[in-house]
Structure formats: C-alpha cells, structure tokens
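What follows is a single structure, written as structure tokens, with notes after it.
All values below come from the heavy atoms of this structure, side chains included, with hydrogens, waters and symmetry mates left out. A note on names: the letters A, B, ... follow the listed sequences, proteins ahead of strands, and every chain is numbered from 1. Remember, it's a predicted structure, so these values are computed and weren't measured experimentally.
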Amino acid sequence: MATANQIFEEMMRAGEKAFGEGWHAVANYAPTEFRKMAIQITEIAQNVAKYKLDKSEGYSPETGKILMKMQRTAAESVLVATTQLNLIAVQKAMDAVYKVLRKAFKGIVKSIL
Amino acid sequence: MIRALLLAGAVVLGGCPGTSLVSPYDEAIDKGIVEFYEQLNWFVKDVADVAGKPEGTYEANSKRYNVMETKLDVLILRSSSRSLGTGCRLEAKVYEKVAGLLASNLPADMKPQGDAAGDANGCNTRLLELVKQQLGFIREIHAKTDKCGTPPVSCLRPATAASALKIANQSINAVAVVEAAKRN
C-alpha cells in the first residue's frame with residue numbers, strides 16, 4: 001500500500017503540472033489539503049482493516065467505500081477552490097492595473113481637452 | 001482623431017467596472033457556510049456519542065438532516081440565482097488537465113461539470129453542491145452501512161464520524177477559503 005507521503009508527493013506533482021504558473025498563487029492552500037487527503041485515505045484503509053479483525057473497531061468496507069467517495073468529492077472541492085483562488089489573484093492584479101490605467105488615462109484626457 | 005479616441009477610451013475605462021473573473025464576495029454565503037460547519041460538526045459528534053442507543057439511530061435523527069440540507073439549499077439557491085446555469089467553466093478546464101495527467105487512474109466521479117460556456121458564479125454553486133453531496137454521503141452511512149450494538153441498529157460509529165467529518169470539512173473549507181480570499 002502506498003504511504004501517505006507517497007500519495008502526497010504524487011498529488012503535488014500532478015497539481016504543479018496542471019496549474020503551471022498559477023501554482024504559486026495557491027501554494028499555501030493546496031498542499032495542506034492534499035496532505036490531509038493522503039492521510040485520510042490511509043486512515044480509511046486502516047479502519048476497514050481494524051473492522052475485519054474486530055467488528056467493534058473501525059468501520060465496515062461498505063462504509064469505507066462511501067468515505068472514499070466522500071474523499072473524491074473533497075478532491076473536487078479542493079480543485080475548484082484552487083482554480084478560484086488563482087482567479088481571485090488574477091482578478092486582484094487586473095483591478096490594480098486597471099486602477100492605475102484609469103488614473104493615468106484620465107490625466108492625459110484632462111491635459112489635452 | 002486622437003482626442004476622440006482618448007475620450008472614448010476614458011469613457012470606457014471610467015464607466016466599466018472591469019472584467020470580472022470571479023463572482024463577487026457574498027457575506028450571506030460566507031456566514032452561512034460557517035454556521036453550517038458548526039451545525040454539522042456538532043451534530044455528527046453528538047450522534048457518534050450515542051451510537052448504539054435509540055437516540056443515535058438514523059430514524060431518530062432524520063429530521064436533523066433535513067434541517068441541514070435545507071440550509072444548504074438556501075445557499076445554493078442564492079448562489080445559482082446569480083449564475084447563468086451553465087456550470088463551472090474553469091472546473092472543466094482544470095479537469096481536462098488533470099484527466100490528461102491521471103489518464104485511466106482518474107476516479108469515475110471526477111468528471112467535468114458544466115461546459116465551456118460556464119461562468120464564475122457557477123463555480124461557487126458547484127462548491128456548495130459538493131458540500132451538499134458530503135452531507136448526503138454521511139446520511140447514507142448513518143441510514144444504511146454503519147451498525148452498532150446487539151441487535152444491530154443504524155448508527156454513526158465514532159471512527160466513521162471522525163473520518164467523515166475530516167473529509168466533509170475539506171469541502172466546507174473550500175467554500176470558506178474562496179469567500180475569505182474575495183473578502184480580503
């Protein structure tokens with residue numbers, strides 16, 4: 001079974017390739033969430049294994065399957081949020097540039113009219 | 001001619017609020033998702049504490065799920081009223097890239113939602129819908145797969161509750177993080 005660290009490293013590589021330049025904008029959020037996912041996936045496997053040894057411990061494989069579906073949903077949430085965080089950074093940069101342009105442009109217009 | 005062009009440009013820049021890539025900050029969604037976080041976390045821990053007892057069964061708690069689901073429906077309705085109903089465009093773009101990288105390892109559930117004509121507000125709606133999906137999964141576990149005691153009754157086992165909360169909170173956190181980024 002892959003370790004949490006191996007899963008995490010793989011996710012980080014995939015994320016970096018998928019987001020390219022924009023990766024740095026989400027560098028704080030995405031790695032934290034990917035690490036949580038890697039730990040949670042191994043926890044699910046451990047809890048199902050515990051249940052198989054002792055029915056009063058952990059949880060059943062059926063519950064484990066639903067929890068894995070939940071983890072895929074959480075992965076989608078993180079990917080969508082990451083995209084949005086990228087865009088918010090771009091939007092803020094655009095707004096700043098726009099503000100400067102508008103100020104400069106108005107000055108020029110005033111001086112020639 | 002140049003003066004006319006500059007004047008036209010100034011009018012455009014002065015009157016246009018700028019191109020919007022993301023939906024605007026929404027205080028109701030920001031506060032609503034924090035309230036939902038508190039509600040869900042309190043509920044799941046509470047139910048896990050009484051696992052195996054009559055008050056911990058799904059039947060005894062089904063109405064509490066309805067209350068939480070309704071709260072999310074209100075937030076989804078608010079968010080979707082601003083969108084064009086064409087889905088989350090950027091999500092589809094990201095999925096194209098991720099699908100290319102993961103190839104056959106891409107989980108079946110991870111498919112692009114919406115289409116190329118989607119809009120920024122659609123992404124907000126999608127994030128909230130994913131939170132609703134998480135609530136539905138917890139409900140399914142409580143009603144169908146988790147059993148406690150003798151004779152076995154429906155329950156949320158403490159181990160399940162711990163795992164489910166950590167995962168669901170990731171989806172809730174995704175909404176909160178995006179709204180916080182817009183606010184700051």
- May I have the step-by-step check of side chain to side chain contact (heavy atoms under 4.5 Å, CB included) for A/E33 and B/N173, ending in yes or no? CA-CA 10 Å; A/E33 296 303 313; B/N173 192 36; 3.2 Å; yes

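- For A/L67, the parts sitting under 4.5 Å from any heavy atom of chain B are the backbone and the side chain alike.
- When every heavy atom of B/V178 is checked against every heavy atom of A/L85, the shortest pair comes out as CA-CD2, 4.3 Å.
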- Message: Assess the residue pair B/Q133 and A/E76 against the criterion (side-chain hydrogen bond (donor to acceptor under 3.5 Å, both in side chains)); give the C-alpha distance rounded to whole Å, side-chain angles, the decisive distance to 0.1 Å, and a yes or no.
- Response: CA-CA 11 Å; B/Q133 269 185 28; A/E76 186 176 338; 5.7 Å; no

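- Proximity to chain B (any heavy atom under 4.5 Å) is restricted, for A/K55, to the backbone atoms N, CA, C and O.
- B/K71 NZ: more than 12 foreign heavy atoms inside a 6.0 Å radius.
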- Message: Between A/N47 and B/R157, is the side chain to side chain contact (heavy atoms under 4.5 Å, CB included) condition met? List the steps.
- Response: CA-CA 11 Å; A/N47 273 300; B/R157 297 166 75 103; over 6 Å; no

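- For A/E62, the parts lying under 4.5 angstrom from a heavy atom of chain B are both the backbone and the side chain.
- Of the atoms belonging to A/Q71, heavy atoms from both backbone and side chain fall under 4.5 Å from chain B.
- Taken to the nearest 0.5 Å, the OG atom of B/S171 stands 7.5 Å off from the CE atom of A/M70.
- Of the atoms belonging to B/A168, heavy atoms from both backbone and side chain fall under 4.5 Å from chain A.
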- Item | Residues A/M37, B/Q170; criterion side chain to side chain contact (heavy atoms under 4.5 Å, CB included); working and verdict | CA-CA 9 Å; A/M37 277 183 223; B/Q170 279 197 288; 3.6 Å; yes

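- B/S163 and A/Y59 make their closest contact through OG-OH, 2.9 Å (heavy atoms, listed as atom of the first residue, atom of the second, distance).
- Shortest non-hydrogen contact noted between A/A74 and B/Q134 is N-NE2, 3.4 Å.
- A chain of hydrophobic side-chain contacts below 4.5 Å, direct or via other Ile, Leu, Val, Met, Phe, Trp or Tyr residues, connects A/Y29 to A/F34.
- Atom CD1 of residue B/I167 and atom OG1 of residue A/T73 lie 9.5 Å apart, to the nearest 0.5 angstrom.
- Separation of atoms OG1 (A/T63) and CD (B/E140) is listed at 9.5 Å; rounding is to 0.5 Å.
- In this structure, OG in A/S60 is found 8.5 Å from CD1 in B/I141, a value given to the nearest 0.5 Å.
- One hydrophobic cluster, built from ILVMFWY side chains closer than 4.5 Å, cannot hold both B/V153 and B/I138; they sit in different ones.
- In this structure, B/H142 NE2 and A/I66 CD1 are separated by 12.5 Å, a value rounded to the nearest 0.5 Å.
- With a 6.0 Å radius and a threshold of 12 heavy atoms from other residues, nucleotides or ligands, B/Y37 has its OH atom at or below the threshold.
- Distance NZ/A/K65 to OG1/B/T145: 11.0 Å, rounded to 0.5 Å.
- A/S77 approaches B/A174 most closely through the heavy-atom pair O-CB, 3.7 Å.
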